[in-house]
Amino acid sequence: MIDVLLGLQWGDEGKGKIVDYLAANYDIIARFQGGPNAGHTLYVNGVKMVLHTIPSGIFHSHCTNLIGNGVVIDPITLQKEISAVSQLQKDAVDRLYISRHAHLIIPTHRALDAASEAAKGKEKIGSTLKGIGPTYMDKTGRNGLRVGDILSDNFKEKYETLKQKHLDILKHYDTVAEWEEWEAPFFEAIEQMKQLNIINAVYWIQEQLQQGKRILAEGAQGSMLDVEFGTYPFVTSSNTISAGACIGLGVAPSKIGKVYGITKAYCTRVGSGPFPTELHDETGDMLRKAGAEFGATTGRPRRCGWIDLVALKYTVMLSGVTQLIITKADVLDTFHPVKAATAYRIHKEETKELPFDISSVDIEPIYSEFEGWEASMSEAKNYEQLPQSFVQYCDFLESYLETKIAYISNGTGRDQLIIKPH
Ligand code: GDP
Ligand code: IMO
Ligand code: MG
């Protein structure tokens, strides 16, 4: 069976830290979508690492790490990441496998991303500008380049054809980023990529399953950024929900076991788009400060607000979450009261459903209030040591979401994770 772990909000829920913890129980960690727009933070013996393309099991010597077919890879970013990781983990490259089917981000994809965002003006998505949208567009438009193509004799030709297509499109934009300077590093990185373990991952993963290997699929971004079910058009360009793991790895739905869904104890979003529970006041600023809410990939300040249970119920439903994980609970230590949105008021009507036109309609969240715990919980080692009012908050989340909490994260460290007894 393959277990899946994903973010239930707008990304940055703490997936990197949790995968790094859970990796102790798995043989293989596999990324199934997204690309270098992701920034997954984990700490290796106190050293902070941010992973963009490499799965978060890389710092466990017993784990094989697969970059699946659903991922889009920027060879330049991947090379940089491999160098950084290899300094801390000598055998990293030996345990890194890449699907031949994964698509490549080429320099002009990044230029297209930037040009498209600039042309949108105020309506911009707030993309990370890593070329994600244009690369997935070429994939579905049947123009893309795949990792396996780098091993063919006419790769350069294929590259030139795609580049030319992009240059024709770029002529229609007023502002075009300097992409030429990325071309030489791109081809250098391609040469280095040829030395990596490039495999036909579809058959490989089946073999691993037959051998009884334990596999964890690591999601990127968050469910509310899913291209199909998120706050469209303010989304990313891949399927971030659990179903994405089947497509992004080539495994059947019947092979999916547990689905871990991660949510912060509050909520953040980076980039533009609707965020019903966003706080534009001092409390929002306090959340940003207490949670160090600045993007791991772009450094942008993250927008902050209370947990949104309407949105969470929707994303728990979409992915069939079997185990909830609450992260950054310690960030709320000093807040009183703590709030959770339990319904929306739209055009004076109360609803518990996400509206289709969430990007254009006015939403007033209706909140339930909870007593703050006003105690430090980062030292807690087990559930019994957690403050009583936090326990009540968890009980409420479980009953509203009709899903059990499996773990509570109370700090950035690998060992700061509490198992919730049932
Ligand atoms: P990801 O994209 O989901 O992997 O999350 P990011 O790495 O972008 O952002 C999560 C941030 O929160 C990182 O800086 C983590 O080190 C940090 N973090 C994760 N879990 C906790 C927690 O329980 N408490 C605190 N205070 N920080 C956490
Ligand atoms: P991790 O895996 C948070 C957001 C961007 C933007 C939108 C589209 O670290 O949780 P894109 O670059 O995909 O075209 O940007 O999606 N976004 C993320 N926000 N965490 C991420 O990844 C994100 N990846 C993309 O900010 O609003
Ligand atoms: Mg992140």
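As the structure lists them, so they are numbered: ligands from 1, and atoms in each ligand from 1.
Geometrically, K352 does not engage Y344 in a cation-pi contact, judged by NZ or CZ lying under 6.0 Å from the ring centre and within 45° of the ring axis. Taking the centre and axis of the six-membered ring of W182, the NZ or CZ atom of R110 falls inside the cone set by 45° and 6.0 Å.
The shortest heavy-atom distance from R269 to ligand 2 is not under 4.0 Å. In this structure, K130 has no heavy atom closer than 4.0 Å to ligand 2. Contact analysis leaves G222 out of contact with ligand 2, as no non-hydrogen atom separation drops below 4.0 angstrom.
Nearest protein heavy-atom contact of atom 11 (P) of ligand 2 is S127 OG, 3.7 Å.
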Cut-off 3.5 Å, no hydrogens considered: what does the side-chain donor-acceptor table look like for residues 370-381, sequence neighbours left out?
from: W373; atom 1: NE1; to: D333; atom 2: OD1; distance (Å): 3.3
from: S376; atom 1: OG; to: S378; atom 2: OG; distance (Å): 3.4

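Between V270 and ligand 2, at least one pair of N/O atoms sits closer than 3.5 Å. An N or O contact shorter than 3.5 Å links H40 to ligand 2 by distance. Checked by distance only, ligand 2 and D12 come closer than 3.5 Å through their nitrogen or oxygen atoms. The shortest N or O to N or O distance between D113 and ligand 2 is not below 3.5 Å. Annotation: G39 places an N or O atom under 3.5 Å from an N or O atom of ligand 2; distance criterion only.
Ring geometry, H62 versus H60: the interplanar angle exceeds 60°, so the pair is classed perpendicular (tilted spans 30 to 60°).
Ligand 1 lies under 4.0 Å from heavy atoms of D12, E13, G14, K15, G16, K17, G39, H40, T41, Y43, A296, R302, K328, D330, V331, S409, N410, G411, T412.
Every residue two or more places apart in sequence or in another chain that forms a side-chain contact (heavy atoms from CB on, under 4.5 Å) with H280 is listed here: E278.
Taking all heavy atoms of R300, E218, K124 into account, the minimum distance to atom 26 (O) of ligand 2 is reached by R300. The residue among T236, T297, L225 with a heavy atom at the shortest distance from atom 4 (C) of ligand 2 is L225.
The one candidate from W10, Y266, F234, W306 that meets the ring-ring contact (aromatic ring centres under 6.0 Å, His included) condition with F275 is W10.
Residue contacts with ligand 2, taken as heavy atom pairs separated by less than 4.0 Å, do not involve F234 at all.
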(message) Before you tell me yes or no, could you show the steps for D91 and R95 under salt bridge (charged side-chain N to carboxylate O under 4.0 Å, His left out), namely the whole-Å CA-CA distance, both residues' side-chain angles and the distance that decides it to 0.1 Å?
(response) CA-CA 7 Å; D91 62 345; R95 292 182 290 101; 2.9 Å; yes
(message) Is there a salt bridge (charged side-chain N to carboxylate O under 4.0 Å, His left out) between E293 and K328? Walk through the geometry before answering.
(response) CA-CA 11 Å; E293 293 296 355; K328 305 192 95 161; 3.0 Å; yes
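Sequence neighbours left out, the pairs with a member in residues 119-129 that pass side chain to side chain donor-acceptor pair (under 3.5 Å) are D113-S127.
Closest N/O/S atom of D12 to the Mg ion (ligand 3): OD1.
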